[in-house]
Amino acid sequence: MSTGPLSKELFNAAKNLMPGGVNSPVRSFASVGGEPFFVEKAKGAILTDADGNDYIDYVMSYGPLILGHAHEDVLRKVQTTMARGLTFGAPNGLEIELAKLICDRVPSVEMVRFVSSGTEATMSAIRLARGATNRSKIVKFHGNYHGHGDSFLVQAGSGVAQHGIAGSPGVPEDIVSNTISLAFNDIEQLKQVLAANSKQIAAIIVEPVCGNMGVVLPKEGYLQTMRELCDQHDIVLIFDEVMTGFRVSRGGAQEYFGVTPDLTCMGKIIGGGMPVGAYGGNEKLMKQVAPVGPVYQAGTLSGNPVCMAAGIKTLKLLKDREVYQTLEYRTKFLRDEMVNIAQHHDVPLTVNHIGSMMTPFFTDRSINNFEDVKATNQGRYQKYFHYMLDEGVFIPPSPFEAWFLSIAHTEELLKQTVQAHEAAIKKL
Ligand code: HOZ
């Protein structure tokens with residue numbers, strides 16, 4: 001048990017120093033009520049709070065930790081690398097190593113530019129698309145979240161949905177007037193909008209599998225048709241694979257669904273728990289980026305050796321496809337058990353899953369878009385969240401987020417989670 005201050009004391013101190021006591025809104029428990037615990041340490045799939053409680057963690061820092069918390073090999077690689085310097089502001093060989101791992105595995109990526117977060121990657125990708133096409137508008141989808149760049153805060157998911165903010169004050173109207181937000185999975189609506197605006201649209205940016213409104217899968221053929229429409233109208237197709245990259249399969253969602261975007265945004269797993277983002281695509285498009293091309297983008301800490309090292313070790317440990325099969329098998333086991341238990345207790349529950357991402361929705365309807373998600377029983381999720389926490393399981397403190405499994409989520413831990421789920425469902 002920690003001898004330091006307890007979560008309550010830490011939260012009271014934090015609230016006086018940081019807005020809401022947190023550095024990212026989703027952590028605040030605002031959508032489920034109550035106060036967040038403060039983390040003391042984490043190892044594998046277990047998170048320990050400042051009050052000495054252990055939790056089986058399904059937040060997993062919202063996606064990067066596919067190997068579990070504090071993986072020994074990743075830590076070792078980071079430690080040996082950092083002893084040689086944290087950042088240089090000059091090129092280093094580890095950038096090439098990580099770039100090569102990414103280009104080898106992600107089908108559409110021939111060249112890559114590293115940045116420090118997924119938000120930076122998406123902001124830079126739309127700038128590149130706009131520069132390359134000489135057009136201004138972008139299309140996104142309701143409930144998709146591409147980080148907090150101005151252009152994306154229209155009908156966004158994740159913390160924006162959680163806090164009921166349609167956009168955000170501070171985002172100029174003339175910026176979002178260039179953003180068209182459409183219903184995910186509605187191909188007819190997309191066709192109509194493209195037909196009416198095609199000469200103005202630079203890019204379509206999409207989470208090929210949504211994770212920021214909970215997990216929502218594309219309907220059969222949806223991404224393929226989107227690809228065809230982009231070709232037809234000379235629009236740059238951007239897959240935001242910050243969450244799905246190296247997660248739903250070795251080559252991300254584009255490999256899983258066999259659809260090749262023009263640009264791909266990455267983050268999370270490629271940093272192995274350190275702050276890294278990247279955008280990449282074919283050579284012709286990427287050579288429009290400075291210093292080779294005119295589209296400007298830069299970053300003081302981009303490609304620093306420590307972040308590169310964590311990403312390299314993580315991707316190397318993910319080289320075999322069996323890892324993904326195991327993760328998928330375990331996630332499916334958890335999903336099936338959760339659904340069976342809910343059915344047994346007459347609690348309507350739909351669980352969407354792909355690879356090692358999943359989200360339970362309290363509804364008996366299928367979930368295909370943001371409207372479906374918003375129509376689920378969110379009050380029930382709030383109660384379920386707290387009941388699960390009481391049972392020692394930490395799930396996202398919002399119905400608009402994905403759960404993430406890691407290789408550290410053993411079958412034994414999954415069985416404990418199933419028991420916790422049953423106890424929580426009985427109390428609903
Ligand atoms: N859904 C968010 C990341 N894609 C959660 C992380 C955050 O906003 O803090």
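Only a predicted model underlies this, so the values are computations on that prediction, with no experimental measurement involved. As the structure lists them, so they are numbered: ligands from 1, and atoms in each ligand from 1. The first residue in the sequence is number 1, and the count goes up from there.
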Residue, atom name and distance, where the atom is the protein heavy atom closest to [atom]:
{"atom": "atom 7 (C) of ligand 1", "value": "Ser24 OG, 3.3 Å"}
{"atom": "atom 2 (C) of ligand 1", "value": "Ser158 OG, 3.3 Å"}
{"atom": "atom 4 (N) of ligand 1", "value": "Asn212 OD1, 3.1 Å"}

(message) Using ring centroids (six-membered ring only for Trp), state whether Phe400 and Tyr145 fall under 6.0 Å.
(response) no
(request) Please find out if less than 6.0 Å separates the ring center of Phe37 from that of Phe394. (result) yes
(message) Whether the Ser108 and Thr264 side chains hold a donor-acceptor pair (N or O, under 3.5 Å, no angle test) is what I'd like checked.
(response) yes
(message) When you compare the side chain of Glu328 with that of Ser356, does any pair of heavy atoms fall below 4.5 Å?
(response) no
(request) Could you check whether the rings of Tyr384 and Trp403 sit parallel, tilted or perpendicular, using 30° and 60° as the cut-offs? (result) parallel
(request) Number the atoms of ligand 1 from 1 as they appear, then name those within less than 4.0 Å of a heavy atom of Val26, with their elements. (result) 7 (C), 8 (O), 9 (O)
(message) So if I count the atoms of ligand 1 from 1 in the order they appear, which ones are less than 4.0 Å from some heavy atom of Lys268?
(response) 3 (C), 4 (N)
(message) So for ligand 1, is Arg27 a polar contact partner (N or O within less than 3.5 Å, distance only)?
(response) no
